[in-house]
Structures are given as C-alpha cells and as structure tokens.
Amino acid sequence: MKQLSVGGESFAVRDEGRGPPVLLVHGFPLDLTMWDAQVEALAPSHRVIAPDLRGFGGSVVTPGKVTMSRMADDLAALLDALGVTEPITYAGFSMGGYVGWPFLRSHRRRVARLVLCDTRAVGDTSEAAKGRLAMADKVEAEGAAVAADAMLPKLLAPGRAERDPALARRVREIILATDARGIAAAQRGMAERADARADLPALGLPALVVVGEHDAISTRGEMSALAAEIPGARFVQVAGAGHTSPMEEPAAVTAALLEFLHDAR
Ligand code: MLT
C-alpha cells in the first residue's frame, strides 16, 4: 500500500504486479481491502491498482458532499500520477460501479474493458435519496456505527454472518474505521447520481457483469436485465454470495475475472 499525492491531496492505493492494468474500485462504506483476494490472484499476470476513494480508508476526507463524478475524476488523476497510459479494465463494485458511469463519460479513452460487480445503473428513487440524506446526517452526528448497523444486514448473504463470523467482523471493522464525514459525503453524492441505463446499449466495450445470488441491494434480476442491455456482456451469478460477492466468495469472483480478462484480451 502506498500514499500518493494528487493535486496536493493524499490517496491510498495498492499497486501490485505487472501487465495489463486492472483498476479495482471498492464500494460503500468499504475500502480497498475488500479486493485483497483479487489483488493477490491477479497480480502475477496484471498490474492491479486498488485505490481508496475520496473519504474512505487512507485517502483524503472531504466533508459535505462528494459526487460520483468527482470520484471518477480522482481516479483519472490517480492513473496519471501512477503513469498508467494504457487503457485499463475498470472493475467497479457497487458504489465503484456508480463511479464507473461518469468515468466512462469523461474518460472513455482510458477504458478497454468493464466489470460491473453487484452494482446498479439506475439512479435513486426520491424516497431512497431521502433515506441517504437522513443517514448522512445521522452518521455525521453519531458516527460510523450508524452505517455499520444499517448496512451490514444488507451486505452479506442471509446466514453468512453466522457461518463466517470472522468475515462479518472484518466488514464491520472496515466500516467502523471509516471517517464518518467520508461516509456522509458519499451518501449525499450517491443520492444525486444520474441514471446510467441509457448509456448501456452504446458502451462498445467487452463487459462482465457479476452478481451474488442473494444480493439484496443490486439483485440478480436487476443485474441480469442490466447485462442484457449491454451488447455481448457476459453474466456470472456467484452461488451463495450476497452483495459483497468479492469478499464472500473470493475464489468464484476471481475465477470469473481471470476468465474474462483472458478471453477479452
Ligand atoms: C455499496 O456497496 O457500495 C452500496 O451498497 C451502494 C449503495 O448504497 O447503493
């Protein structure tokens, strides 16, 4: 893990291996360590870059609101700072996928392949957006535990926490270690993210869509419909996983990634 200064602001990033670059973008309210298993598995054949988004992990915290577009521009600046000029595979998990839509709009030439993991193209309903704004205020007032309590039951597959208490503890610890101001700012940014469904038919990229069988946030029905809108997209359902499929079933997600990276060369 290293700290990079980008425009005078500090970002944490894991940058391992050599080969075609793969950018792994974490979800909410997590950090780059959610990709540990995938970084280890891909690094022998790829340059794997896993950053902490603004407000998360070891990266700069910007209170208030951080939009998905701002995070996308951060990622482009980070790639510049790392000297990555070759088109990347952009792999976004959940909020990392939300960041992928503005990244594709503003930095299209940087992307050669797209992986959408347990994520959504649809924007928030006004009710969902209101819920996010309320949670943002509560997290700022009471701390990250509010987000951990609200999110944990939705992140893992039913019964997973009982079967794998160490994983449940790890996810909770990541959330509790996150700066409450970063969580609140990302919630406000997600609440106003644009609907990206109209972009799907014209993406013009090899794409892999991965979903946990029991994902309660981006359901398999919604994700298979999303995959059907992207011409030629590959769809993989991860048996037994909930929303956090890369952490719950790392071997299956890694295998899907490696197969896609191999076939879409
Ligand atoms: C995530 O995993 O990034 C979040 O569940 C996304 C969301 O809250 O919509």
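In listed order, ligands and their atoms are each counted from 1.
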- Item | Salt bridge Arg163-Glu248, side-chain N to carboxylate O under 4.0 Å | no

- Task: Would you please determine whether Gln187 falls within less than 4.0 Å of ligand 1 on a heavy-atom basis?
- Result: no

- Can a salt bridge be assigned to the pair Asp149 and Arg172 using a cut-off of 4.0 Å between side-chain N and carboxylate O? yes

- Task: Could you tell me whether Asp15 and Arg47 make a salt bridge, using a distance below 4.0 angstrom between a side-chain N and a carboxylate O?
- Result: yes

- Testing Ile217, Leu30, Ile183, Leu156 for side-chain contact (heavy atoms from CB on, under 4.5 Å) with Met151, which one passes? Ile217

- Query: In terms of atom number and element, which parts of ligand 1 are under 4.0 angstrom from non-hydrogen atoms of Met95?
  - Reply: 1 (C), 3 (O)

- Item | Within-4.5 Å side-chain heavy-atom neighbours: Leu205 and Leu104 | yes

- Query: Can you check whether Ile217 has an N/O within less than 3.5 Å of an N/O in ligand 1?
  - Reply: no

- Query: Nearest protein heavy atom to atom 3 (O) of ligand 1, by residue and atom, and its distance?
  - Reply: Phe28 N, 2.7 Å

- Taking non-hydrogen atoms only, is His243 closer than 4.0 angstrom to ligand 1 via side chain, backbone, both or neither? side chain

- Note on the structure: For atom 4 (C) of ligand 1, the closest protein heavy atom turns out to be Ser94 OG, 3.3 Å

- Give yes or no for whether the N/O distance cutoff of 3.5 Å, strictly under, is met between Met151 and ligand 1. no

- Message: Checking contacts here: is it the side chain or the backbone of Arg132 that comes within 4.0 Å of ligand 1, counting heavy atoms only? Could be both or neither.
- Response: side chain

- Are the charged groups of Glu192 and Arg132 less than 4.0 angstrom apart, N to O? no

